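Keep in mind the model is a prediction, meaning the values are calculated, not measured. Just so it is clear, the values below take in all heavy atoms, side chains as well, and ignore hydrogens, waters and symmetry mates. Just so it is clear: chains get the letters A, B, ... in the order the sequence lines come, proteins before strands, and each one is counted from 1.
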Amino acid sequence: MILLQSLRDNTQDIVNALKKRNLDAAPLVENVLRLDEKRRAVQTQLDTILAQNNTLSKEIGMLFKAGKAQEANALKEKTGQLKEDSKKLGETLNSIKDQLQEALYQIPNVPHPSVPAGSSDTDNETVFEEGGIPKLDPNAIPHWELAKKYDIIDFELGVKITGAGFPVYKGKGARLQRALISYFLDKNTAAGYTEIQVPHLVNEASGYGTGQLPDKEGQMYHITADDLYLIPTAEVPVTNLLRDQILNEPDFPIRYTGYTPCFRREAGSYGAHVRGLNRLHQFDKVEIVRVEHPQNSYEALDAMVEHVKQILRELRLPYRILRLCGGDLGFVAALTYDFEVFSTAQDRWLEISSISNFENYQANRLKLRFTDKNGKKVLAHTLNGSALALPRVLAGILENYQTPEGIKIPEVLVPYCGFEIID
RNA sequence: AGAGAGGUGGCCGAGUGGUCGAAGGCGCACGCCUGGAAAGUGUGUAUACACCAAAAGUGUAUCGAGGGUUCGAAUCCCUUCCUCUCUGCCA
């Protein structure tokens with residue numbers, strides 16, 4: 001959530017910057033500032049009344065001790081009105097606070113100056129492109145057909161036991177999945193990220209911490225019996241490890257990587273582009289998460305981008321990097337780079353990683369702070385990215401590495417797979 | 001799931017209606033002591049919000065969370081969440 005203090009201090013700058021999201025934030029911001037002003041006025045009133053009441057109570061206590069019961073009782077009568085007033089004001093204050101909170105939740109993060117203007121994914125800016133697009137056999141086919149041909153992924157079986165979007169990986173397909181997970185984790189730990197295994201279900205507080213709640217309630221699977229949510233990404237449990245923490249400067253940088261399955265309801269997103277592995281309800285992902293000193297967060301973002309580049313180079317997949325435009329930028333992100341792999345067989349780009357700096361937007365909700373050199377408590381910056389999401393990487397490999405003899409396994413994965421070709 | 005115990009500051013732990021934001025200890029920071037260190041010793045050591053231009057300062061809230069009783073609640077009552085122990089179940 002956006003920092004109220006900076007909203008107060010830089011109102012106009014923030015409203016202007018949010019225009020990049022094609023959002024006229026002025027009314028939202030005005031509402032927040034109005035509520036904030038109201039809140040402070042009520043707070044001051046309430047504090048005064050409570051202070052009076054406290055003083056009286058102390059006096060009464062002392063009078064009783066001194067045996068002056070009569071005087072004490074006289075004072076007691078004075079407190080009646082104060083009590084009534086404080087109760088009313090307390091209720092008002094709570095209601096204003098709730099409204100303020102809700103109003104703040106509606107304001108998205110302020111885009112970084114480098115975020116291009118634009119309304120949809122067609123306005124995203126390609127900042128880097130690398131890797132040769134392979135020349136495939138004229139009979140090349142998309143991965144869902146390859147999956148069937150070599151019997152490595154069974155979508156129908158998934159439908160039978162669960163439903164659409166829950167594929168079953170078989171034989172070499174399953175082994176390739178496991179290989180990718182291990183390979184990604186190894187790359188990440190070698191780059192300094194600490195491997196971590198987290199629960200796949202989280203409570204409500206964690207959902208709020210990283211911003212999935214309340215905005216994206218409908219996107220998560222909710223276990224109502226125990227009021228827990230299946231994680232849509234490892235970002236949620238991993239980032240929440242640091243919720244309510246006050247760090248020290250030497251603790252930076254904090255770097256975590258974790259593999260988890262991810263569960264997404266993807267309500268309302270069906271269509272031609274969701275075939276096969278392109279969009280699933282359950283998929284595997286290896287995530288990287290960083291918590292940084294505000295001064296270093298953009299350096300960290302660049303490092304994360306470089307790191308993922310390295311992996312795609314090793315896998316020899318043609319990819320490009322996009323800087324998301326204001327219209328495509330996620331609600332809580334200040335700057336996001338998307339990685340896309342080109343699927344030659346589908347003749348389209350597939351998003352396989354999204355790396356974002358949330359600056360202090362997420363940390364504000366998480367109450368994730370550190371003590372700076374002057375002893376002040378300052379919000380940290382949080383970042384995360386996929387390194388990497390499995391299904392589309394798998395799709396890219398299957399499609400780009402297909403030959404008439406079978407699907408070749410990228411060299412770096414052979415030691416992890418134990419075979420060189422799927423045939 | 002059933003029965004019981006419990007949740008206090010960075011940690012341990014005292015506190016069963018009044019001056020308690022909370023004893024004591026540990027830890028941490030700074031100083032003294034020392035050739036240096038240890039030991040010893042002194043001081044300090046929560047967070048949020050409000051008032052104030054700001055600092056200083058003052059006020060308010062916070063003893064798992066929410067509500068109640070009371071002039072006054074860490075302490076009493078209710079609700080709820082969580083943890084631990086035993087029983088049950090079980091990879």
Side-chain angles (χ1 to χ4, degrees), chain A residues 1-11 32-104 197 199-209 213 222-229 237 240-252 254 261 360 363-380:
Chain A
M1 137 180 94
I2 199 157
L3 204 56
L4 184 55
Q5 189 60 49
S6 67
L7 210 50
R8 269 195 232 164
D9 297 343
N10 316 307
T11 313
V32 164
L33 293 179
R34 192 180 51 82
L35 285 166
D36 176 49
E37 215 165 291
K38 234 165 123 185
R39 190 201 103 248
R40 280 185 289 165
V42 174
Q43 176 100 55
T44 306
Q45 270 187 64
L46 178 61
D47 283 359
T48 312
I49 289 173
L50 288 174
Q52 285 171 18
N53 204 40
N54 285 345
T55 313
L56 280 176
S57 293
K58 274 180 194 160
E59 276 175 42
I60 290 169
M62 292 211 263
L63 287 172
F64 271 124
K65 245 184 195 167
K68 299 176 182 168
Q70 232 174 12
E71 289 177 44
N73 283 324
L75 279 185
K76 266 195 201 181
E77 282 167 31
K78 278 196 188 172
T79 60
Q81 187 61 41
L82 289 176
K83 216 181 160 188
E84 226 171 272
D85 291 350
S86 70
K87 197 174 175 184
K88 267 189 211 151
L89 280 171
E91 278 164 13
T92 311
L93 185 64
N94 279 340
S95 131
I96 294 173
K97 276 184 176 169
D98 287 350
Q99 289 173 51
L100 181 59
Q101 183 82 333
E102 215 166 288
L104 276 170
Q197 280 193 23
H200 301 163
L201 275 74
V202 292
N203 57 28
E204 196 181 39
S206 297
Y208 276 97
L213 294 174
H222 187 195
I223 316 265
T224 49
D226 296 292
D227 200 17
L228 296 171
Y229 295 85
N240 270 283
L241 294 173
L242 295 156
R243 170 154 47 93
D244 289 324
Q245 290 263 310
I246 299 177
L247 305 166
N248 295 305
E249 290 210 18
D251 295 334
F252 295 123
I254 291 173
N360 64 22
N364 192 26
R365 281 202 192 181
L366 290 161
K367 295 205 171 59
L368 168 49
R369 291 167 294 173
F370 68 96
T371 313
D372 75 2
K373 286 190 187 78
N374 305 317
K376 284 223 166 131
K377 305 287 178 289
V378 185
L379 290 169

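A:L379 contributes atom CG, which lies 7.5 Å from atom CG of A:L368 (distance to the nearest 0.5 angstrom). Atom CD1 of A:I223 sits about 11.0 Å away from atom OH of A:Y229, to the nearest 0.5 Å.
Residue-level contact check: A:N73 touches neither bases nor backbone, having no heavy atom under 4.0 Å from any strand. Within 4.0 Å (heavy atoms only), A:K87 reaches sugar-phosphate atoms of the nucleic acid but no base atom. Contacts of A:L50 with the nucleic acid, taken as non-hydrogen atoms under 4.0 Å apart, involve only primed sugar atoms and P, OP1 or OP2. Residue A:T79 is in sugar-phosphate contact alone, with no base atom involved, counting any heavy-atom pair closer than 4.0 Å across all strands shown. A:K78 comes within 4.0 angstrom of no nucleic acid atom, judged by non-hydrogen atoms across all strands.
As rounded to the nearest Å, B:rA29 and B:rA48 have C1' atoms that lie 23 Å from one another. A distance of about 16 Å separates the C1' atoms of B:rU70 and B:rC78, rounded to the whole Å. Between B:rU45 and B:rA22, the two C1' atoms lie 15 Å apart (nearest whole Å). The gap from the C1' atom of B:rG42 to that of B:rC51 amounts to 35 Å, rounded to the nearest Å. For the C1' atoms, the distance from B:rU87 to B:rC77 is 31 Å, rounded to whole Å. Using P as the reference atom, B:rG13 and B:rC84 are 16 Å apart when rounded to the nearest Å. Annotation: B:rG72 and B:rU16 have their C1' atoms spaced 15 Å apart (nearest Å). Rounded to the nearest Å, the gap between the C1' atom of B:rU85 and that of B:rC11 is 23 Å.
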Could you spell out the base pairing of RNA chain B in dot-bracket, with Watson-Crick or G-U pairs whose two distances are under 3.5 Å, [ ] crossing and | to another strand? ((((((((.[[[..)..(.....]]]((((((.......))))))((((((.....)))))).[[[[[..)....]]]]])))))))....
Could you go through the side chain to side chain contact (heavy atoms under 4.5 Å, CB included) check for A:L247 and A:R369 one step at a time? CA-CA 6 Å; A:L247 305 166; A:R369 291 167 294 173; over 6 Å; no
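Counting heavy atoms of neighbouring residues, nucleotides and ligands inside a 6.0 Å radius, atom CD of A:Q5 exceeds 12 of them. The 12-atom threshold is exceeded at CD of A:E249, counting heavy atoms of other residues, nucleotides or ligands nearer than 6.0 Å. More than 12 heavy-atom neighbours from other residues, nucleotides or ligands sit within 6.0 angstrom of CD on A:Q101.
Looking at heavy atoms from C-beta onward, A:T79 lies in side-chain contact with A:N53 at the 4.5 angstrom threshold.
Of the N and O atoms on the side chains of A:S95 and A:D98, not one donor lies less than 3.5 Å from an acceptor on the other residue.
A:R39 and A:D36 are joined by a salt bridge, as a carboxylate oxygen and a charged side-chain nitrogen come within less than 4.0 angstrom of each other.
A 4.0 Å heavy-atom criterion places the boundary nucleotides of RNA chain B facing chain A at B:rG18 to B:rG72, written 5' to 3'.
Each of A:I246 and A:T48 lies near RNA chain B, and the nucleotide nearest A:I246 is the one positioned closer to the 5' end. Residue A:F64 is the one, among A:F64 and A:A51, whose nearest nucleotide of RNA chain B lies closer to the 5' end (criterion: closest heavy atom).
When every heavy atom of A:P237 is checked against every heavy atom of A:V202, the shortest pair comes out as CB-CG1, 4.0 Å.
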